[in-house]
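Protein chains get the first letters and strands the later ones, always in sequence-line order, with residue 1 at the start of each. What you see below is based on every heavy atom in this structure, not just the backbone, and it leaves out hydrogens, waters and symmetry mates.
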There are 2 protein chains.
Amino acid sequence: MSTSPAAPLVDMGLSIEKMEKVAFILKTTAHPTRIAIVQLLAAHDSLSVSDISERLNVEQSLLSHHLAGMRLKGILSSTRDGKNINYALKMREVIDVIQCLAGCTFL
Amino acid sequence: MSTSPAAPLVDMGLSIEKMEKVAFILKTTAHPTRIAIVQLLAAHDSLSVSDISERLNVEQSLLSHHLAGMRLKGILSSTRDGKNINYALKMREVIDVIQCLAGCTFL
DNA sequence: CAAATGTATGAATAAAATTTCATATGAACA
DNA sequence: TGTTCATATGAAATTTTATTCATACATTTG
């Protein structure tokens with residue numbers, strides 16, 4: 001599932017499996033557009049693709065790819081409403097993660 | 001410095017600049033080996049490259065590349081002590097970021 | 001049903017990130 | 001000084017991620 005050294009990382013409280021999962025989530029979030037998506041959905045609770053596309057000024061297809069990835073990895077959920085598909089933040093913990101870093105004075 | 005959409009992301013409390021910085025830090029952390037490094041240095045306050053290499057069972061050169069990247073991005077600091085070079089956690093906030101996610105029940 | 005709208009998908013490409021390997025550098029020590 | 005130990009560095013090879021583009025799919029509406 002992820003890059004793992006030949007004979008791995010057995011140490012400290014966090015198991016290697018958990019470290020991989022954490023890395024997986026971090027990687028899924030580590031992109032300006034995706035951070036913006038999280039921010040948006042942190043404040044809105046559910047938005048359609050076109051809503052997000054307009055607000056972030058990101059092209060439909062590209063956005064769709066980002067959203068699909070984030071949903072696949074469990075960060076977002078989606079439901080259809082007529083022609084639209086609404087996305088919502090499922091793993092709300094990522095808000096804290098972002099805010100934690102965003103709060104750093106030196107950034 | 002980072003992938004940014006044509007005409008970007010003007011929205012919410014977090015400025016696009018800050019989102020890019022946050023993404024930058026997240027990306028720098030989003031790797032099992034690097035998470036392990038943070039964990040180790042969260043508990044040890046300073047370790048040499050060979051210390052880390054042995055504990056994590058990661059090959060010298062590869063580790064050096066990871067460490068250099070993390071230092072460059074301000075997450076670690078390093079000081080020489082004779083033949084050794086000791087690395088320490090500079091941006092301690094990343095501990096919280098990792099612990100936040102690590103605390104997720106579903107991981 | 002045909003056209004329009006909103007979204008997804010897949011293939012091709014482009015750009016980054018990771019890993020490996022060979023070699024360089026710098027400090028210590030015989 | 002020459003050798004050894006600890007670490008860094010750089011170039012290639014590989015793998016992963018991001019972007020674009022064309023097109024497909026589903027739902028609504030005329």
Engineer: Quick check on D/dT19: is either OP1 or OP2 less than 4.0 Å from any side-chain nitrogen or oxygen of A/H31?
Structural biologist: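 Yes, A/H31 has a side-chain N/O under 4.0 Å of OP1/OP2 on D/dT19.
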
Engineer: Could you please name the option among D/dA22, D/dA8, C/dT7 that lies closest to any side-chain atom of A/S61?
Structural biologist: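 Per side-chain heavy atoms of A/S61, the pick is D/dA22.
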
Engineer: Closest to the A/V49 side chain: C/dT9, C/dT7, C/dC21?
Structural biologist: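 Looking only at heavy atoms from C-beta outward on A/V49, the closest nucleotide is C/dT7.
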
Engineer: Between the base of D/dA6 and the side chain of B/Q60, is one N or O donor paired with an acceptor at under 3.5 angstrom?
Structural biologist: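 Flag unset: no donor-acceptor pair detected.
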
Engineer: Without swapping roles, check the side chain of A/S53 against the backbone of A/E59 for a donor-acceptor pair under 3.5 Å.
Structural biologist: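 The answer is no, because no donor-acceptor pair under 3.5 Å joins these two groups.
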
Engineer: I'd like to know if the side chain of B/K73 and the backbone of B/F24 have a donor-acceptor N/O pair within less than 3.5 Å.
Structural biologist: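 No; judged by distance alone, with no hydrogens or angles, the pair does not exist.
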
Engineer: Strictly below 4.0 Å, heavy-atom distances to any atom of DNA chain D: list the hits from residues 79-86 of chain A, or just say none.
Structural biologist: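 DNA chain D contact set from residues 79-86 of chain A: A/R80, A/G82, A/K83.
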
Engineer: Sub-3.5 Å donor-acceptor pair from the side chain of A/R55 to the main-chain atoms of A/N57, do we have one?
Structural biologist: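 Between the backbone of A/N57 and the side chain of A/R55 there is no qualifying donor-acceptor contact (under 3.5 Å).
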
Engineer: Rounded to whole Å, please give me the gap between CG in B/L62 and P in C/dT19.
Structural biologist: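 Answer to the nearest Å: 5 Å.
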
Engineer: Ignoring hydrogens, what is the shortest heavy-atom contact between B/L26 and A/A30? Give both atom names and the distance.
Structural biologist: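 Residues B/L26 and A/A30, closest heavy atoms: CB-CB, 3.6 Å.
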
Engineer: Working to the nearest 0.5 Å, report the span between CG of B/L89 and CD1 of B/I75.
Structural biologist: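 Answer rounded to 0.5 Å: 8.0 Å.
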
Engineer: Of all the heavy-atom pairs spanning B/N86 and B/S46, show the shortest one and how long it is.
Structural biologist: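 Taking B/N86 first and B/S46 second, the nearest heavy atoms are CB-OG, 3.3 Å.
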
Engineer: Give, for atom CD1 of A/I85 and atom CG of A/L47, the distance between the pair rounded to the nearest 0.5 Å.
Structural biologist: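 So the gap between those two atoms works out to 14.0 Å.
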
Engineer: So if I take every side-chain heavy atom of B/S50 and compare against C/dA22, C/dT19, D/dA6, which nucleotide ends up nearest?
Structural biologist: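 Selected nucleotide (nearest to the side chain): D/dA6.
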
Engineer: Out of curiosity, A/S61 OG to A/H65 NE2, how far, rounded to the nearest 0.5 Å?
Structural biologist: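 Here the interatomic distance stands at 4.0 Å.
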
Engineer: Starting at CE of B/M91, measure out to OG of B/S77 and round the result to the nearest 0.5 Å.
Structural biologist: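 Answer for the CE-OG pair, B/M91 versus B/S77, is 11.0 Å.
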
Engineer: Let me know, please, whether A/Y87 or B/E59 comes out on the 5' side of the other along DNA chain C by nearest nucleotide.
Structural biologist: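 Result of the comparison: A/Y87.
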
Engineer: Give a yes or no on whether a donor-acceptor pair under 3.5 Å exists between the nucleobase atoms of C/dT7, that is its base, and the side chain of A/S48.
Structural biologist: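 By the distance-only test, no, there is no pair.
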
Engineer: Please list, in numerical order, the residues of residues 63-76 of chain B that have a heavy atom closer than 4.0 Å to any atom of DNA chain D.
Structural biologist: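 B/S64, B/H65, in order of number.
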
